[in-house]
Number of protein chains: 2
Amino acid sequence: MNTRSATLSKATTEIERSAQVELPLSPTFSPLYQQIKALITQSLEVGEWKPGEPIPSEVELATRYKVSQGTVRKAISVLAAENLLIRRQGKGTFVATHSEARAQFRFLRLLPEAGVPNVYESHLLECRRLRAPVEIARPLELQPNEPVVLIKRTLQFSGVVAVFDEIWLPGNLFRGLTLERLAAYHGPLYVLFETEFGTRMIRASEKIRALAAADEVAAMLGVEPGHPLLSVDRVSYTYGDRPVEVRRGWYVTDAFYYQNDLS
Amino acid sequence: MNTRSATLSKATTEIERSAQVELPLSPTFSPLYQQIKALITQSLEVGEWKPGEPIPSEVELATRYKVSQGTVRKAISVLAAENLLIRRQGKGTFVATHSEARAQFRFLRLLPEAGVPNVYESHLLECRRLRAPVEIARPLELQPNEPVVLIKRTLQFSGVVAVFDEIWLPGNLFRGLTLERLAAYHGPLYVLFETEFGTRMIRASEKIRALAAADEVAAMLGVEPGHPLLSVDRVSYTYGDRPVEVRRGWYVTDAFYYQNDLS
DNA sequence: TAGTGGTCTAGACCACGTG
DNA sequence: ACGTGGTCTAGACCACTAT
């Protein structure tokens, strides 16, 4: 038994090595801590520990997985770096959630030119179910005509309309998502998604362009047709890099800007 | 002596603790590995190890700083995560450089809608010295009227003009930077800056907006005045978070998009 | 006082790259 | 065969939080 197997196994000992010295080394080597990381991720995925809750302590997990605390620590460190877990000295390690203020700014990068941070208000325009058009089905890795949910809304920053969003979700993952349910909810959508529908957005990829406002979008945003807008095409992913949201946003950047840090 | 002092010191031993038990604990606690990290950063900053070169091995550094290899490893890991160093198993740890293909994409996020990755050609329009206008002096943390260098250029992707840039640099840091010097150089500017002027860009912060092309910019980019453009305002920083570049870019996003990953 | 994560050490062994 | 970084372990102690 050696560390190359997909099953949980610790480093080869001298004795074990001499016993298997004739076996060819498997070409796929996976460190123990990555195997532990995979196990922890699994538990997150199936909801053994829910967003906001603490996971077991490092010593507990070390006992459970029969590895040293240091190996568990390494696995957790990686997951913390990927924003799946949050470590708090003296308290424990917690499942990350979009409820924290910190997480919200990670996915909404629009800031006002002057004045207050981004407290915003969402205005729901539409929520209906339809069959996925091809250009939506492809990024969501669905078959064309599979059911999807389409949400349209605007965001206002202190009364000023700044964003118009079209949000597409796989219908099978968001069965109870209706206009009524959404209208009754006030808060970030990703919080609703993770608490009510068990789907947590982990990372997203955006394509940003400048374009002239089409008539329909211009009307929604209260600008003249042809007005320059930031177009933000987002695909969001959950555990296992599975795409679970396509979002097309149009941002008015006369009094706001999109903040990005390169490092 | 304890780990709280700014000078290099390892964890308090039992004996030492009993000897200093009356001393109040300093409120500023700095782990050993962070002290080592600061020392390594210093060596990078003064150019003891140059971009692309290997730094001493972990055991060597452990000996030099009189700490364990594990502590050096932790310090290096942080610096690697910040893209200041690059670790290569079996070979050593190297000072990061903008010469690597990998680094280029970190700071130029424009990709073509279809086809090839971003091989581009820079066309120099202008390079002159002047006194810093206030709106440039402030982000560069210079006094108004201090000397700056202004570079104007365009970028073409397979013959198509996509970017017009105005690049402002502190005159004192870039003394030998002239139109002739630039014209003789072909390659990424950040490579020139780090090899010829000892200034390495580490991170940058960008503000992105959509706007209608002004006449001058439109002419440079070969589009109609009023055409929607992506406006990218960048401030770049070197070691110690000192700002050393202000860059205003106008991107044509008809056949290109700005790629951004949220995580 | 007890429990959590955070730091530091020392030693063994593994994987990778180069002679 | 050797040197590099990478993994894993075990144990001690520190810093933070709650009770």
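Chain letters run A, B, ... following the sequence lines, proteins first, then strands; residues in each count from 1. Values reported hereafter were calculated over all heavy atoms of this structure, with side chains retained and with hydrogens, waters and symmetry mates removed.
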Among the nucleotides [options], which one has an atom lying closest to any side-chain atom of [X]?
X: B:R87; options: C:dT4, D:dG6, C:dC8; result: D:dG6
X: A:R73; options: D:dG6, C:dG6, C:dC8; result: C:dG6
X: A:P31; options: C:dC8, D:dT7, C:dT4; result: D:dT7
X: A:Y33; options: C:dA10, D:dC8, D:dT4; result: D:dC8
X: B:S57; options: D:dT7, C:dT7, D:dT4; result: D:dT4
X: A:K74; options: D:dT7, C:dT4, D:dT4; result: D:dT7
X: A:Q89; options: D:dT7, C:dC8, C:dG6; result: C:dG6

Ionic contact status for [Y] with [X], cut-off 4.0 Å:
X: B:R247; Y: B:D233; value: no
X: A:E196; Y: A:R181; value: yes
X: B:R64; Y: B:E48; value: yes

Take the protein atom [atom1] of [X] and the nucleotide atom [atom2] of [N], then report the distance between them rounded to whole Å.
X: A:K37; N: D:dC8; atom1: NZ; atom2: C1'; result: 18 Å
X: A:L61; N: C:dG5; atom1: CG; atom2: C1'; result: 12 Å
X: B:F94; N: D:dG3; atom1: CZ; atom2: C1'; result: 12 Å
X: B:F29; N: D:dC13; atom1: CZ; atom2: C1'; result: 11 Å
X: A:Q69; N: C:dC8; atom1: CD; atom2: P; result: 16 Å
X: B:Q34; N: C:dC8; atom1: CD; atom2: C1'; result: 14 Å
X: A:L85; N: C:dT4; atom1: CG; atom2: P; result: 16 Å
X: A:I86; N: C:dG6; atom1: CD1; atom2: C1'; result: 17 Å

Parallel, tilted or perpendicular, as decided by the 30° and 60° cut-offs, for the rings of B:F174 and B:F197: tilted
Parallel, tilted or perpendicular: ring planes of A:F107 versus A:Y190, cut at 30 and 60 degrees: perpendicular
Side-chain N,O (B:K91) to OP1/OP2 (C:dT18) below 4.0 Å: yes
Any B:S68 side-chain nitrogen or oxygen under 4.0 Å from OP1 or OP2 of C:dC8: no
Upstream residue (5' side of DNA chain D) when B:I76 and A:G90 are each assigned their closest nucleotide: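 Result: B:I76.
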Closest-nucleotide 5' rank along DNA chain D - winner of B:E58 and A:G70: B:E58
5'-most by nearest nucleotide on DNA chain C - B:T71 or A:P56: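 In this pair, the answer is A:P56.
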